Amino acid sequence: MSLLEEGIATGNVLPTGRKEKHSIDNVTRDFDIYRIKCDLLFYNDQNDRIATWVSEYNSAQGANLLALGRDEYNGVIEDFIVESNPGALRKTEKSIALRGQLRPGIVLNDGRVIDGNRRLTCVRRLARANNEAGWFEAAILDDATGSDPKRIKLLELAIQIGEEEKVAYDPVDRLVGVYRDVVKNHLITPAEYGNATGMTEAEVRKLVDRAQYMEEFLEFCQAPEQYHLARALKVDGPLGEFSRVLKKYDSRRDKQLVKQLMFANMVVQPEGDITRYVRDFGSVAGTDAEADFKAAELQAMSELLEKMGPDALTREKVSELRSDANLVNGFQRAGDRARETVRRVKLMDTPAKKSADCLSELEKILPEMLDVLGPDELEKVRRNLVAVADKVEELIGEIDERA
């Protein structure tokens with residue numbers, strides 16, 4: 001159904017006489033606001049948050065959520081929205097019950113909701129509680145339909161991310177969108193994503209790298225495209241370190257091994273700050289600790305893989321693995337030994353580095369620079385150099401005693 005044609009003709013879409021400004025394709029203009037019967041609307045399956053919930057439903061139910069009828073589909077997504085942040089939803093619902101819907105949403109002419117999922121959910125719930133028809137207030141965009149997924153995606157990005165962060169995106173939801181739309185389906189290019197969201201292409205490419213690591217992590221967990229697992233495990237933080245760490249390893253074989261070992265640490269989470277464990281792989285690269293560290297990590301990962309079994313990881317299975325003291329201790333010991341070795345190496349390098357730095361600084365004092373100094377300044381320099389000479393003589397004596 002066309003909301004602006006059949007909807008208005010049947011009285012299911014009513015003009016309010018109000019207008020609201022929105023920027024679409026970098027053009028800001030006023031849009032008419034309408035009251036729309038809720039049963040004509042449906043949640044946008046191209047929304048990154050909703051895509052994560054779709055993967056969770058499909059995994060749990062062994063069914064395709066998108067194959068459901070509209071009413072059943074809306075009901076499932078509504079439940080996810082309620083469960084995702086009950087406190088925020090209750091607050092919004094109470095506000096709408098007391099004051100009405102103050103901020104309109106944005107929908108497409110076919111009823112797809114581009115902005116306003118939480119508000120629509122509150123209106124639907126209040127209507128059921130009051131046993132009445134629900135009316136959602138929104139601007140209607142008539143230049144995209146379900147037959148134009150690229151256009152829908154660019155609109156959704158521009159409004160949800162580029163225009164303003166109305167409700168902060170879960171970082172993993174953002175990665176899910178980048179992976180699906182830029183990497184897997186090639187729906188939009190990194191440049192188009194950047195134009196829609198106000199990000200530079202370089203920033204988008206960093207997101208693309210992180211999104212690819214996320215999918216590789218899910219494959220390690222034998223749960224490809226199970227995005228809800230990535231969100232539950234809060235993988236965005238550690239994945240953000242991957243590119244920096246992997247640059248420190250030269251061979252493709254080393255990079256692949258280190259990547260798998262970091263994935264294993266993310267599953268087990270030896271301590272609260274898993275990002276620190278991921279950084280360990282960068283700290284040991286090229287040091288005397290590297291070989292032993294990778295061997296210890298490889299042994300711990302082998303034990304993990306055996307306990308994971310052949311099935312896809314679930315949140316419940318991850319909790320079980322993280323409660324296995326012997327398994328967790330194996331990863332902890334590997335990390336602790338590596339950090340201690342690196343610390344000792346740094347301590348051993350410190351005297352040589354500091355003495356070299358001191359020499360480098362002294363070499364910057366050229367004789368002709370002394371010509372412009374007055375008597376007082378020259379005396380200060382002399383006192384400092386005498387102190388340096390005394391310290392040098394003292395340290396040389398200490399070294400000679402140990403020779």
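Since the model is a prediction, treat every value here as computed from it, not as a measurement. Heavy atoms only: backbone and side chains are in, while hydrogens, waters and symmetry mates are out.
- Here CD of Glu393 is found 12.0 Å from CD of Glu398. Values are rounded to the nearest 0.5 Å.
- A heavy-atom distance below 4.5 Å is found between the side chains of Ile81 and Trp53.
- Proximity of a side-chain donor or acceptor of Tyr73 to a complementary backbone N or O of Tyr43 within less than 3.5 Å is detected.
- In this structure, Asn384 places its CG atom where more than 12 heavy-atom neighbours from other residues, nucleotides or ligands lie under 6.0 Å away.
- In terms of modelled atom types and a separation under 3.5 Å, the side chain of Arg119 and the main chain of Pro104 share a donor-acceptor contact.
- Shown here is Lys307, whose NZ atom has more than 12 heavy atoms of other residues, nucleotides or ligands within 6.0 Å.
- Glu297 and Asn265 share a donor-acceptor pair across their side chains, judged by distance under 3.5 Å alone.
- A distance of 11.0 Å separates CG of Asp390 from CG of Leu395, quoted to the nearest 0.5 Å.
- Side-chain atoms of Asn47 and Glu156 include a donor-acceptor pair closer than 3.5 Å.
- The main-chain N or O of Pro270 is found under 3.5 Å from a side-chain atom of Gln332 such that the two form a donor-acceptor pair.
- Val107 places a side-chain heavy atom less than 4.5 Å from the side chain of Phe136.
- Side-chain atoms of Glu137 do not come within 3.5 Å of backbone N or O of Gly105 as any donor-acceptor pair.
- Considering only heavy atoms from C-beta on, Val176 comes within 4.5 Å of Arg180 through its side chain.
- Side-chain atoms of Ser59 and Gln226 form a donor-acceptor pair, as typed in the model, at a separation below 3.5 Å.
- A salt bridge links Arg128 with Glu78; the closest basic N to acidic carboxylate O contact falls under 4.0 Å.
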